[in-house]
Amino acid sequence: SFGYLSPVFQFQRFSLFLMETLHKLNTELAISIKKLQKKQKREVLKFIEYLRTQEDSSFIKYINNRTMQAVEARKSGKHFTSLEELQREYA
């Protein structure tokens, strides 16, 4: 047994695990897509674009909502949320 593992070492192990998992997923996706017919591949691309659009619209709605809240907070003398705080909060 190694006993105590430092937080840095634990983070490095977890990061390596995530990279390996992502690589496996990317490989599986590539193999699966490669086996599809041309029409099906187009459908996959359209679906990916749809997911990106949904993500973008969700982010835009979130920013618009938070901006309105920040403007109201500023008008009433409360804490004004900076762009950096919004980005950290959304992530």
Side-chain angles (χ1 to χ4, degrees):
S1 168
F2 290 101
Y4 173 77
L5 298 176
S6 75
V8 171
F9 182 72
Q10 290 176 15
F11 177 75
Q12 288 172 337
R13 280 181 53 188
F14 183 67
S15 295
L16 182 59
F17 167 77
L18 286 178
M19 289 181 355
E20 289 172 354
T21 302
L22 185 58
H23 176 71
K24 287 177 185 176
L25 180 61
N26 287 338
T27 302
E28 287 177 33
L29 281 169
I31 291 169
S32 296
I33 292 171
K34 196 174 194 177
K35 292 177 183 178
L36 295 175
Q37 294 182 13
K38 190 174 183 177
K39 182 179 179 182
Q40 293 170 318
K41 289 177 183 177
R42 282 193 212 109
E43 290 177 23
V44 169
L45 288 174
K46 286 179 184 177
F47 183 69
I48 291 170
E49 189 58 37
Y50 167 78
L51 291 175
R52 286 183 183 150
T53 301
Q54 291 303 308
E55 184 178 289
D56 291 344
S57 67
S58 171
F59 180 70
I60 290 167
K61 287 177 188 174
Y62 169 78
I63 291 298
N64 287 340
N65 184 37
R66 292 296 284 129
T67 299
M68 288 172 44
Q69 291 175 2
V71 168
E72 289 299 318
R74 189 173 193 180
K75 285 180 184 176
S76 63
K78 296 178 185 171
H79 174 72
F80 180 77
T81 307
S82 70
L83 177 60
E84 291 80 16
E85 289 171 313
L86 285 176
Q87 289 171 331
R88 276 194 307 271
E89 183 181 308
Y90 187 76

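Only a predicted model underlies this, so the values are computations on that prediction, with no experimental measurement involved.
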Pairwise distance CZ(Phe11) to CG(Leu18) - rounded to 0.5 angstrom: 8.5 Å
Under 3.5 Å side-chain donor-acceptor pair for Arg13 and Gln10: no
Thr21 OG1 to Phe14 CZ distance, which is reported to the nearest 0.5 Å: 8.5 Å
Donor-acceptor under 3.5 Å (Gln40 side chain, Gln37 main chain): yes
Closest contact, heavy atoms only, Lys41 versus Lys34: NZ-O, 3.6 Å
Value rounded to 0.5 Å, distance of NZ in Lys24 from CE in Met19: 12.5 Å
Side chains of Lys75 and Val71 in contact at under 4.5 Å (non-hydrogen atoms): yes
Sub-4.5 Å side-chain heavy-atom contact between Arg42 and Lys38: yes
Side chain Ser76, main chain Ala73, donor-acceptor under 3.5 Å: yes
Between CD1 on residue Ile60 and OG1 on residue Thr53, distance to nearest 0.5 Å: 9.5 Å
Side chains of Leu29 and Leu25 in contact at under 4.5 Å (non-hydrogen atoms): yes
Straight-line distance of Leu45 CG to Glu43 CD, nearest 0.5 Å: 10.5 Å
